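Since we're looking at a predicted model, the values are computed, not measured. First the proteins, then the strands, lettered A, B, ... as listed; each starts at 1.
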Amino acid sequence: ARSPLPPPVRDPNCDDPEVEQAAWAAVQYVNSNHRHGYKYTLNQIDKVRVYQRKPVGEVYSMEIDLLETTCHVLDPTPLENCTVRQLTEHAVEGDCDVNVLKLDNQFVVSNAKCESSPDSAEDVRKICLDCALLAPLNDTKVLHTVDAAVAAFNAQNHTSYFKLLEISRAQLTPLHSSVYVEFVVGPTDCSPKDAAEPAACNLLADQHGFCKATLTEKVGGEDVAASCVVFGTVPVVPQPQPDGAGPTVGPTVAAGTPVVAGPGPAVAVGPAV
Amino acid sequence: ALGPKPVIPGAGPAAPAIPLCPGRIRYFKV
């Protein structure tokens, strides 16, 4: 059984620099301890109390409000370069209760409990009548859009066959005429041509593609537009060569270099190709 | 211009400073 907390030492201001430091330690902790969805950033410190920790140190017991960013947790982009998801994109908030230990001027999170919740549909409607609202990730239209987008991405001339790893976000427009999805794919050891049996293709470690796609229904069919940014070292998969030709040297992309694959061949951004 | 602050009989010593919480909103409130 835990002993009850001693009386608080002090109630500092929520915007006190030391409290902010503790809050940022908590944000970092939260982002490094979830493997799905998006990175969160600090929006507001709601409450804070400081307790003495025996034999040494202090515990910052805090309530903090976080906001979802557009960077996936597996995306190596530093949090400070990530954009906060806007209200028009149906923002998601995180509420966390955290205890952060301050010892030798270092802040270490001892525990955190968070709940995330999207903004209400009514609130989104107040600022934008035709904004797309978040949809369940297992919605039939969402699943269909992701399948179509992964197929479209693989149909482009990549060196690897990409497998779906996670559906991260989905939005339906008010009249459901289009579906917007965000998902994560990973390259495999199969080339797109020998991926007839995708189950036999093995994912390559620590390489991810972050994709956005829109499926629009139209008379007599549908349009799919997909684009992915791939991080990691994409290996060269040997391609069949005509007799006498040497091995093909395909693009090898250094870790952290984004490859933007839109409609058309993959384009490497940066000098590392 | 308004003169000295009036003294309220029976008023005790100044209350302890109330911590300023919640803190600032960095983006927007959901």
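Between A/D15 and B/R26, the shortest heavy-atom contact is OD1-NH2, 4.2 Å. The nearest pair of heavy atoms linking B/G23 to A/C14 is N-CB, 3.4 Å. For the residue pair B/L20 and A/N13, the shortest heavy atom distance occurs at N-OD1, 2.8 Å. The two residues A/E20 and B/R24 make their nearest non-hydrogen contact at OE2-NH2, 3.5 Å. Across all their heavy atoms, B/C21 and A/D46 have their closest contact at CB-O, 3.6 Å. Considering every non-hydrogen atom in both A/N43 and B/F28, the closest pair reads ND2-O, 2.7 Å.
Contact tally against chain B (heavy-atom pairs below 4.5 Å) for A/Q44, A/Q86, A/E63: the top residue is A/Q44. Contact count versus chain B (heavy atoms, under 4.5 Å) is highest, among A/D16, A/D119, A/L42, for A/L42.
When each of A/D123, A/L67, A/V92 is tested with B/V30 by the rule side chain to side chain contact (heavy atoms under 4.5 Å, CB included), just one qualifies, namely A/L67.
Atoms CD and NZ, from A/E93 and B/K29 in turn, are 6.0 Å apart once rounded to the nearest 0.5 Å. Rounded to the nearest 0.5 Å, atoms CG (A/L87) and OH (B/Y27) are 13.5 Å apart.
Open room surrounds NE2 on A/H36; 12 or fewer heavy atoms of other groups in view lie less than 6.0 Å from it. Within a 6.0 Å sphere centred on CG of A/D104, other residues, nucleotides and ligands contribute 12 heavy atoms or fewer. Surrounding NZ of A/K141 are more than 12 heavy atoms belonging to other residues, nucleotides or ligands, all under 6.0 Å away.
Contact of A/D65 with chain B is made through the side chain alone, with heavy-atom distances under 4.5 Å. Proximity to chain B is absent for every atom of A/S120, based on heavy atoms less than 4.5 angstrom apart. Residue A/R49: no heavy atom, backbone or side chain, is found under 4.5 Å from chain B.
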